[in-house]
Amino acid sequence: MDQTVLFRLAVFAVLLLVMAGWEFLLPYRTVAGQSRSGRWLTNFSLMICGAALSRFTVGAAMIIAASYAQGRGWGVLPMLGLPAPVAVVLAIIGLDCAVYWQHRFTHMFDVLWRFHRVHHVDPGFDVSTAVRFHPLEIAVSAAYKAGFVVILGADAWAVVIYETLLSSFALFNHGNVHLPRWIDQTLRGLFVTPDMHRIHHSAWMVETNSNYGNILSLWDRIFASYTDKSRENDREMTIGLNEFRDAESQSLVGSLWLPFRRDAARIAPKPGDVSDKQQG
C-alpha cells in the first residue's frame, strides 16, 4: 500500500512540475484581472483538505475493494477467465467509463452539482484547476469507484494504474497549454486533450454539459456529449460560473461552504440543454 501511494505521488509531482513549467514558458491564455497566486492558494489548499479527509476515511477504498473482491473471485472479469494483461486493460477501460458517468451524474443531479461546481467556479483554467475539488466530492467519488472495482473484479494493480492515469490526465487536460490542431485532433481520436476539456469549463451551459471524458474521449462520442470546439475563441472564452465570481466564492472557506449556501440552490444545468443563455 505504501509503495503504491509513493508511486502515485511521484508520478503526480513530476507531471505537476512539467505542466506548470509548460504553462509558465508557453501559456496559451492570459486573462487580465486574474490573480494566479490567489487561485493557486485556494486550489492547492482544497487539494490538501481532500487528501487529509481521504487519508482518514476512504483513501484506500479502491485498493481494499480490489483485494477483497479478488480474494473471493467476485466480479465480471474473473468470471471470464481472461489472461491477466487483458483483464487489466479491460478493467482500466471499464473504470474510465464508470468515471465518465460519475462526472456526468454530477451535472445531472442538484445534490451532486452543488459539490462539483466548486471545481467549475474557478474563473481560470490551468494545472491547478485539476486539483480544485470539494473534499466531500472526493470522498463520494472514492466510494463510487470502489463499488465499480468490486463489480468488475478489477485487479489491485489495474486500480493503481488507472488512478495514476486518471490524475496524470487531469493535470494534462487542465493545462493552460495548446497543441497544434493536427496533433490535438489526432490525439482526440482516443484521448481527451486540453483544448477538448477546456470547453467543458466554458461559461455557456451547453458547453459545460459536454466533454465529460477523463482519459478516453470515445465515451463523449458514444454517449452523444461531445463538443468539437467552443462558440467563442478559445483564447478568450469565458471560463467558470457567472453567478459565483465574487471573492468569497473564490476563497478556501468560501469554496468549502459553497455547496451549503442558500443562494446556491440552483438546479444543475441539464444535459442536452441547447439554450444560448449563459449561466447566471
Side-chain angles (χ1 to χ4, degrees), residues 8-9 12 16 34-62 98-148 163 166-167 169-171 173-174 197-198 200-203 205 208-209 211-214 239-271 279-280:
R8 289 183 55 202
L9 283 175
F12 178 87
L16 175 61
Q34 289 186 4
S35 169
R36 181 178 181 181
S37 59
R39 288 182 49 255
W40 278 45
L41 177 61
T42 296
N43 293 353
F44 283 103
S45 295
L46 282 169
M47 181 189 75
I48 293 170
C49 290
L53 178 64
S54 294
R55 176 68 178 82
F56 296 104
T57 53
V58 293
M62 293 179 70
V99 173
Y100 163 89
W101 278 105
Q102 176 200 343
H103 189 180
R104 192 159 178 171
F105 290 151
T106 63
H107 286 247
M108 293 172 63
F109 302 106
D110 182 62
V111 66
L112 299 177
W113 175 246
R114 282 173 168 267
F115 291 91
H116 182 61
R117 78 173 118 210
V118 171
H119 179 62
H120 281 270
V121 161
D122 194 344
F125 184 85
D126 61 26
V127 69
S128 75
T129 310
V131 300
R132 182 190 172 91
F133 288 95
H134 196 282
L136 291 179
E137 180 179 7
I138 293 174
V140 171
S141 174
Y144 170 92
K145 289 185 288 187
F148 272 92
E163 285 291 283
L166 184 62
S167 61
F169 268 85
L171 293 173
N173 293 332
H174 288 87
H197 189 70
R198 188 183 300 111
H200 180 71
H201 284 259
S202 166
M205 285 185 181
T208 305
N209 291 323
N211 297 2
Y212 299 102
N214 302 282
I239 298 290
L241 302 179
N242 290 335
E243 61 267 38
F244 298 112
R245 296 196 183 276
D246 56 288
E248 178 187 356
S249 299
Q250 305 302 322
S251 69
L252 173 60
V253 174
S255 296
L256 292 171
W257 181 245
L258 183 63
F260 310 103
R261 281 170 51 171
R262 290 187 177 183
D263 62 343
R266 288 171 48 119
I267 299 299
K270 293 297 185 290
Q279 292 178 9

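Counting from 1, the numbers follow the sequence of the chain as shown. Heavy atoms only: backbone and side chains are in, while hydrogens, waters and symmetry mates are out.
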Return the set of residues passing side chain to side chain contact (heavy atoms under 4.5 Å, CB included) with L112 (not counting sequence neighbours), or none when no residue passes.
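Counting only residues at least two positions away or on another chain, L112 forms a side chain to side chain contact (heavy atoms under 4.5 Å, CB included) with F105, T106, F109.
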Pairing residues for W257 by the side chain to side chain contact (heavy atoms under 4.5 Å, CB included) criterion, not counting sequence neighbours:
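F260, R261.
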The criterion is salt bridge (Lys or Arg N to Asp or Glu O under 4.0 Å); which residues satisfy it with R198, sequence neighbours excluded?
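Applying salt bridge (Lys or Arg N to Asp or Glu O under 4.0 Å) to R198 gives D195, D234.
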Applying salt bridge (Lys or Arg N to Asp or Glu O under 4.0 Å), name anything that partners E137, two or more places apart in sequence or on another chain.
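E137 satisfies salt bridge (Lys or Arg N to Asp or Glu O under 4.0 Å) with no residue once adjacent residues are dropped.
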Please list all pairs meeting salt bridge (Lys or Arg N to Asp or Glu O under 4.0 Å) that have one or both residues in residues 138-148, counting only residues at least two apart or in different chains.
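For residues 138-148, and leaving out neighbouring residues, the salt bridge (Lys or Arg N to Asp or Glu O under 4.0 Å) pairs sorted by first residue read K145-E163.
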Tell me, please, which residues at least two apart from H197 pass ring pair (Phe, Tyr, Trp, His ring centres under 6.0 Å).
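Expected list: H174, H200, H201.
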Given side chains that start at C-beta, do those of W40 and V127 come closer than 4.5 Å, heavy atoms only?
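They are in contact (side-chain heavy atoms under 4.5 Å apart), so the answer is yes.
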Indicate yes or no: at least one non-hydrogen side-chain atom of R39 is less than 4.5 angstrom from one of T129.
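R39 reaches T129 side chain to side chain.
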Between [X] and [Y], what is the shortest heavy-atom contact and its length?
X: A139; Y: L53; result: CB-CD2, 4.2 Å
X: R245; Y: P123; result: NH1-CB, 3.6 Å
X: Q102; Y: S141; result: NE2-OG, 2.9 Å
X: P259; Y: H134; result: CG-CD2, 3.6 Å
X: G124; Y: D122; result: N-OD1, 3.0 Å
X: I239; Y: S202; result: CD1-N, 4.5 Å

Candidate list L252, V253, V131, test side chain to side chain contact (heavy atoms under 4.5 Å, CB included), partner S45, passing option:
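Exactly one option meets the side chain to side chain contact (heavy atoms under 4.5 Å, CB included) with S45, and it is L252.
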If only atom types and distance count, is the side chain of [X] paired as donor or acceptor with the main-chain N or O of [Y] below 3.5 Å?
X: S255; Y: S249; result: yes
X: T42; Y: Q250; result: yes
X: N173; Y: N214; result: yes
X: R132; Y: N43; result: no

Distance, nearest 0.5 Å, that separates CH2 of W101 from CZ of R104
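Separation between the atoms: 4.5 Å.
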Angle between ring planes, H103 versus Y212, binned at 30° and 60°: parallel, tilted or perpendicular?
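Perpendicular.
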F133 and M47: CA distance, side-chain angles, deciding distance, side chain to side chain contact (heavy atoms under 4.5 Å, CB included) verdict:
CA-CA 7 Å; F133 288 95; M47 181 189 75; over 6 Å; no
